[in-house]
There are 2 protein chains.
Amino acid sequence: MQKNTRGSLIWLRLTRFTHQSNLLSNEFLKQYDLTTAQFDVLMQISTYEPLTQSELAEKVTVTQGGISRMLTRLEKEGLIVRKQEWKTKTISLTDKGRQKLDNAFEAQLAFQSSFFEECLSEEEMKTLYTLMSRVQRNSEKKELPNR
Amino acid sequence: MQKNTRGSLIWLRLTRFTHQSNLLSNEFLKQYDLTTAQFDVLMQISTYEPLTQSELAEKVTVTQGGISRMLTRLEKEGLIVRKQEWKTKTISLTDKGRQKLDNAFEAQLAFQSSFFEECLSEEEMKTLYTLMSRVQRNSEKKELPNR
DNA sequence: TTCATTCATTTGATTAGTCAAGTGAATGGG
DNA sequence: CCCATTCACTTGACTAATCAAATGAATGAA
């Protein structure tokens, strides 16, 4: 028993870090009255707007259902609008949403960066980015069943 | 606008990978009638049992409330038992739980490892592990408010 | 024209987590 | 000896996701 592979140890570090940094990030974004998930979605909308729900779901790698619920919450807060257009719904930021994102943007990026900058050199960050890009792309090409 | 830092790009890769590999892992564990979170918890219990809920919560970096709910589900499935002892509850695996874990253990570890082995060399995996250990430890020492 | 198909989105049931307030047993100071 | 505190755990309200089934609008063949 108890024969952990190197891969499984990496996997554990990754999940623990992601979980922890998510909590800290939520804590940090409280001052802007946003959550990490909301920030992520608003970022994608701001970059690609106008776009449909399905396109957005693809970008943030969440299911159709997930994005539907998330947008319902964001719409209730008045940060985005959905316009029925043909049979699809087109999503864009409201002024309020854009402003909220602008407020948080720089601080949040700096916050995210600090996790790495505090303990890695420029060179090491470059290496980590290269390795994780490979790993992430590899995971993406493994198809999920439905979708 | 749109001035992404290297740190924020790493962060994005990490979260996307973790999310994707979690989905794939859930898919994979379906054959054993387990989820990734359940596997994680059962692993920790099997390694450290008998232990209290608070100790377990610490190990899997989840709140007291979170572990309480999770254990309620696992107990309902008959995979673990909670024994009231003094004022704490001691957790251990049932035979059914131990067997389920044993069934899945090797396959799941191999599955997790494959994400990395498929696209990195031995050397690169070693590097990735070192870097992520540093990053993860760094994130852990940033205190969350309550707790 | 109408009815079946397709496509985008929504919704119900569930898992998994958070925070914060609540509960209940054991302990310790006045 | 009793009452307040502490400790371990639970619970209510919520966010965020999943899958799968339902809905609803536009299209196209009979």
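Order of the sequence lines sets the chain letters (A, B, ...), proteins ahead of strands, with each chain counted from 1.
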(request) Please round to the nearest 0.5 Å and tell me the distance separating atom CG of Asp102(B) and atom CG of Leu42(B). (result) 11.0 Å
Nearest-angstrom distance from the residue atom [atom1] of [X] to [atom2] of [N]:
| X | N | atom1 | atom2 | answer |
| --- | --- | --- | --- | --- |
| Leu56(A) | dT10(C) | CG | P | 12 Å |
| Phe39(B) | dA16(C) | CZ | C1' | 18 Å |
| Met70(A) | dC14(D) | CE | P | 17 Å |
| Leu42(A) | dA16(D) | CG | C1' | 15 Å |
| Leu23(A) | dC14(D) | CG | P | 20 Å |
| Leu34(A) | dA16(D) | CG | P | 10 Å |
| Arg16(A) | dG17(C) | CZ | C1' | 14 Å |
| Asn26(B) | dA16(D) | CG | C1' | 14 Å |

Taking only the side-chain nitrogens and oxygens of [X], find out if one of them lies under 4.0 Å from OP1 or OP2 of [N].
| X | N | value |
| --- | --- | --- |
| Arg73(B) | dA16(C) | yes |
| Thr35(B) | dA16(C) | yes |
| Thr52(A) | dA8(C) | no |
| His19(A) | dA16(C) | no |
| Thr63(B) | dT18(C) | yes |

(request) Name the residue closer to the 5' end of DNA chain D, choosing between Lys30(B) and Gln38(A) according to the nucleotide with the nearest heavy atom. (result) Gln38(A)
Under 3.5 Å, which protein N or O atoms sit close to an N or O of nucleotides 11-14 of chain C? Give each pair with its distance.
{"unit_1": "dG12(C)", "atom_1": "N7", "unit_2": "Arg69(A)", "atom_2": "NH2", "d": "2.9"}
{"unit_1": "dG12(C)", "atom_1": "O6", "unit_2": "Arg69(A)", "atom_2": "NH2", "d": "2.1"}
{"unit_1": "dA13(C)", "atom_1": "N6", "unit_2": "Arg69(A)", "atom_2": "NH2", "d": "3.2"}

(message) Please compare Gln53(A) and Glu77(B) by the position of their nearest nucleotide in DNA chain C and report the one closer to 5'.
(response) Gln53(A)
(message) I'd like to check Arg98(B) versus Glu49(B) (side-chain heavy atoms, cut-off strictly below 4.5 Å). Are they in contact?
(response) yes
(message) Do Arg16(B) and Thr18(A) pair up side chain to side chain, a donor and an acceptor below 3.5 Å, judged on atom types alone?
(response) no
(message) Does Lys100(B) qualify as a cation-pi partner of Phe105(B), given the criterion of NZ or CZ under 6.0 Å from the six-membered ring centre and within 45 degrees of its axis?
(response) no
(message) Does Lys142(B) qualify as a cation-pi partner of Phe111(A), given the criterion of NZ or CZ under 6.0 Å from the six-membered ring centre and within 45 degrees of its axis?
(response) yes
(request) Determine, using ring centers only, whether Tyr32(B) and Phe39(B) are less than 6.0 Å apart. (result) no
(request) Please step through side-chain contact (heavy atoms from CB on, under 4.5 Å) for the pair Leu29(B) and Thr35(B), ending with a clear verdict. (result) CA-CA 6 Å; Leu29(B) 284 175; Thr35(B) 67; 5.9 Å; no
(request) Among dA16(D), dT10(C), dA8(C), find the nucleotide with the atom closest to the side chain of Arg82(A). (result) dT10(C)
